[in-house]
Amino acid sequence: MKAFREHKGIAVPLDRNNVDTDQIIPKQFLKRIERTGYGEFLFYDWRFMSDGKPNREFVLNQPQYAGASILIAGRNFGCGSSREHAAWALAQYGFRAILAPSFADIFTTNAGNNGILLVTLPEPQIEDLQERARAAGYELKVSLLDNTIIDAQGFSSKFKIPEFRRTCLLEGLDEIGITLKHEDKIAAYERRMA
Amino acid sequence: MHFPQTLFDKLWQRHVVHENADGRALFYIDLHLVHEVTSPQAFEGLRLNGLRVRRPERTVATVDHNVPTTTNRALTDPIAARQIETLRQNCRDYGVQLFDVTSVEQGIVHVIGPELGLTQPGMTIVCGDSHTSTHGAFGALAFGIGTSEVEHVLGTQCLWQNKPKAMQVVFAGELPFGATAKDLALGMIAQIGTDGATGHVIEYRGQAISALSMEGRMTLCNMSIEAGARAGMIAPDETTFRYLRGRRFAPQQFDRAVERWRELRSDEGARFDRTVTIDCAALEPFVTWGTNPGMVAPITGRVPDPNSVQTEADRTAVSRALEYMDLRPGTAIEDIAIDRVFIGSCTNARIEDLRAAAEMVRGYRVHPRVRAMVVPGSQQVKRVAESEGLDRIFQAAGFDWRESGCSMCLGMNPDILQPGERCASTSNRNFEGRQGRGGRTHLVSPPMAAAAAITGHFTDVRKWEFKEAQSA
Ligand code: SF4
């Protein structure tokens with residue numbers, strides 16, 4: 001997994017609550033057996049018209065957000081289906097961090113397992129950041145070294161993240177490797193329960 | 001002294017293999033259900049890591065999401081065909097039992113687990129699918145996982161978990177006439193919101209729950225995820241044991257198992273982090289009008305007016321939903337005309353659901369504008385339904401009678417809505433485009449879907465005139 005230490009990039013506001021994983025990656029792209037190549041399908045029905053042309057209205061298609069890597073989203077982001085394809089699509093599109101007032105449970109795990117940093121901030125702060133991100137070229141710097149978010153215009157905030165998740169992200173650890181070190185305990189458990 | 005525990009506490013404690021100082025636990029999984037869509041990358045990862053499936057006998061696979069539901073089951077989509085073929089190959093390579101499309105036991109993963117008796121009280125159950133919460137109806141701790149976690153469970157039979165919080169939802173009073181388990185679920189989500197139970201495992205309790213059949217309990221637990229919950233569960237009782245006895249994979253020494261299972265309930269005085277009480281008397285047959293499962297109105301209600309909504313964010317969400325759904329504020333729910341009806345999905349495609357729908361349909365014809373289909377949840381459900389003549393009732397009325405699978409619940413196979421089509425659906429998600437790009441989904445119970453198919457608009461099932469069976 002790709003490690004996350006510090007990241008600076010263009011921030012894009014997506015001011016909708018309850019963005020579900022069907023929106024993040026529609027079902028027609030779940031038939032593939034590969035783990036890569038999902039970035040181009042991210043938010044497909046919002047990014048593209050039914051004739052396949054880009055929808056100019058949609059925020060990700062606006063020129064000022066080209067290359068955006070930080071998403072500022074609404075409450076309950078990632079709800080619905082457990083499809084990890086949603087996390088793959090976000091990561092492969094180029095998103096490294098997502099900021100929101102809250103995230104759905106399964107999505108939280110999926111994002112973590114793909115090196116995407118999720119930052120939970122109070123709703124007023126998210127609204128403030130979404131407002132700031134309307135300015136062209138607006139950038140945020142997110143650091144997992146000291147758990148801070150700052151911009152160049154004086155915004156600064158601390159955030160909390162579970163310690164294990166922080167360690168995994170900082171070191172780019174994947175969980176299977178950690179678990180295999182506990183093999184003896186798993187075997188003992190199985191004997192006890194047999 | 002013994003500290004009173006919730007059902008969830010008991011299941012949690014029994015499955016912790018190891019706990020870190022920060023409380024993060026390595027957690028043992030008893031049963032792992034696998035399907036074609038969320039598993040190929042997991043098996044691939046296993047291969048790359050040089051791992052085997054740790055417990056193939058605790059791993060069971062089926063094909064459900066992609067499979068065509070037409071009689072010949074012909075796969076015309078080469079990408080879907082490759083995904084199904086990949087699952088077959090993986091099951092062969094790793095010794096995993098597969099209920100393939102030709103199996104007499106094939107079906108939606110959350111329908112076949114229980115009906116084969118694989119799902120049992122006290123188990124931990126996972127699947128790369130959010131509606132794994134369904135299995136909680138048996139007093140199991142069951143939740144959906146992503147593909148990285150599927151790989152993790154395949155390789156280690158464990159998962160790392162932080163203990164979720166415990167929540168109880170108490171349904172006070174009896175389920176009123178005309179309301180079903182689906183309406184319990186929709187009523188609850190309307191009350192607590194689609195993120196109302198985030199981070200929690202719900203235990204459903206109360207008189208209305210004890211009175212529910214296993215099918216009804218599965219419907220309710222199934223939709224726990226629509227309230228944001230990690231899982232939903234119901235303590236096992238006589239109804240549970242009666243359902244499981246004699247099923248193919250039920251324990252050999254069944255009575256001994258039942259004795260153990262009886263301990264699986266929350267102790268008197270056990271503490272929940274949160275309690276929500278729902279007054280059953282206020283429940284009615286519900287219809288969703290918007291683009292998330294919390295946007296619910298009773299059949300006697302009206303489409304809401306965005307201007308009467310409190311916060312600006314909610315106002316925008318309602319306006320956006322109404323625009324997508326092409327509905328005007330103030331429209332009576334009963335006046336909404338529909339084009340399609342889908343009776344199916346892991347929420348409402350079990351035998352009891354089909355019986356309830358057939359009861360409404362008997363002796364009627366589907367409205368000329370409406371295209372209606374019934375997709376049984378499994379081959380077993382289909383066979384039982386046919387032995388009871390339900391297929392003939394549906395077909396005589398003009399419904400399509402299909403083979404089992406997920407079908408138009410998510411439209412990965414050819415069963416989809418066309419842009420602008422409006423559907424009364426017994427499934428669980430009314431998200432934008434869920435049943436097909438531009439399609440408009442209204443979630444309802446099976447009787448409500450059946451009634452709408454006949455009249456062509458939403459109709460209060462409490463006023464339905466049932467027709468007698470024709471004597472032969
Ligand atoms: S029926 Fe629908 S919700 Fe259930 S498993 Fe299939 S796609 Fe998912």
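In this text, all values refer to a predicted model and were calculated from it rather than measured experimentally. Letters go in sequence order (proteins before strands), and every chain restarts at 1.
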Can you confirm whether [X] sits close enough to [Y] that some side-chain heavy atom of one is under 4.5 Å from a side-chain heavy atom of the other?
X        : Y        : value
A:Leu117 : A:Arg96  : no
B:Thr124 : B:Asp30  : yes
A:Pro13  : A:Val59  : yes
B:Glu226 : B:His131 : yes

Plane angle bin for [Y] and [X] - parallel if under 30°, tilted between 30 and 60°, otherwise perpendicular:
X       : Y        : value
A:Tyr38 : A:His85  : perpendicular
A:Phe95 : A:Tyr93  : parallel
B:His18 : B:Trp160 : perpendicular

Heavy-atom distances under 4.5 Å only: say whether [X] touches chain A with side chain, backbone, both or neither.
X        : result
B:Glu36  : neither
B:Arg434 : both
B:Leu51  : side chain
B:Glu44  : neither
B:Arg24  : side chain
B:Asp195 : both
B:Asp314 : side chain
B:His15  : both
B:Val150 : neither
B:Ile79  : both
B:Thr147 : both
B:Gln161 : neither

Between the side chains of [X] and [Y], is a donor N or O closer than 3.5 angstrom to an acceptor N or O?
X        : Y        : result
A:Glu84  : B:Ser148 : yes
B:Thr347 : B:Asn428 : yes
B:Thr441 : B:Gln435 : yes
A:Asn76  : A:Ser102 : no

Evaluation steps, side-chain contact (heavy atoms from CB on, under 4.5 Å), between B:Arg440 and B:Glu421: CA-CA 6 Å; B:Arg440 302 180 176 123; B:Glu421 277 189 326; over 6 Å; no
Would you mind telling me which of [options] has the largest number of heavy-atom pairs within less than 4.5 Å of chain A?
options                                : answer
B:Thr194, B:Asn292, B:Ile225           : B:Thr194
B:Gly146, B:Ala313, B:Ala317, B:Ala229 : B:Gly146
B:His65, B:Met412, B:Arg437            : B:Arg437
B:Gly199, B:Pro293, B:Gly45, B:Gly193  : B:Gly199

What part of [X] lies closer than 4.5 angstrom to a heavy atom of chain B: side chain, backbone, both or neither?
X        : result
A:Ala187 : both
A:Glu175 : both
A:Asp15  : both
A:Asp45  : both
A:Ser50  : both
A:Phe107 : neither
A:Thr109 : side chain

Inter- and intrachain pairs under side chain to side chain donor-acceptor pair (under 3.5 Å), touching residues 185-194 of chain A, at least two apart: A:His182-A:Lys185, A:Glu190-B:Tyr28, A:Glu190-B:Arg54, A:Glu190-B:Arg55
Ion pair B:Arg82/B:Glu85, N-O distance below 4.0 Å: no
Charged N-O contact under 4.0 Å between A:Arg83 and B:Asp129: no
B:Arg320 vs B:Glu323, salt bridge (Lys or Arg N to Asp or Glu O under 4.0 Å): CA-CA, chis, key distance, verdict: CA-CA 5 Å; B:Arg320 220 174 238 157; B:Glu323 191 187 321; over 6 Å; no
side-chain contact (heavy atoms from CB on, under 4.5 Å) between B:Arg429 and A:Ser81, worked out: CA-CA 9 Å; B:Arg429 287 186 176 139; A:Ser81 154; 3.5 Å; yes
Rounded distance (nearest 0.5 Å) linking atom CG of A:Asp20 with atom CD1 of A:Ile25: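 Here the rounded value is 12.5 Å.
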Part of residues 151-168 of chain A lying next to chain B, heavy-atom separation under 4.5 Å: A:Phe164, A:Arg165
Pairs of heavy atoms under 4.5 Å with chain B: top-ranked of A:Asn18, A:Ile33, A:Asp22, A:Asn114: A:Ile33
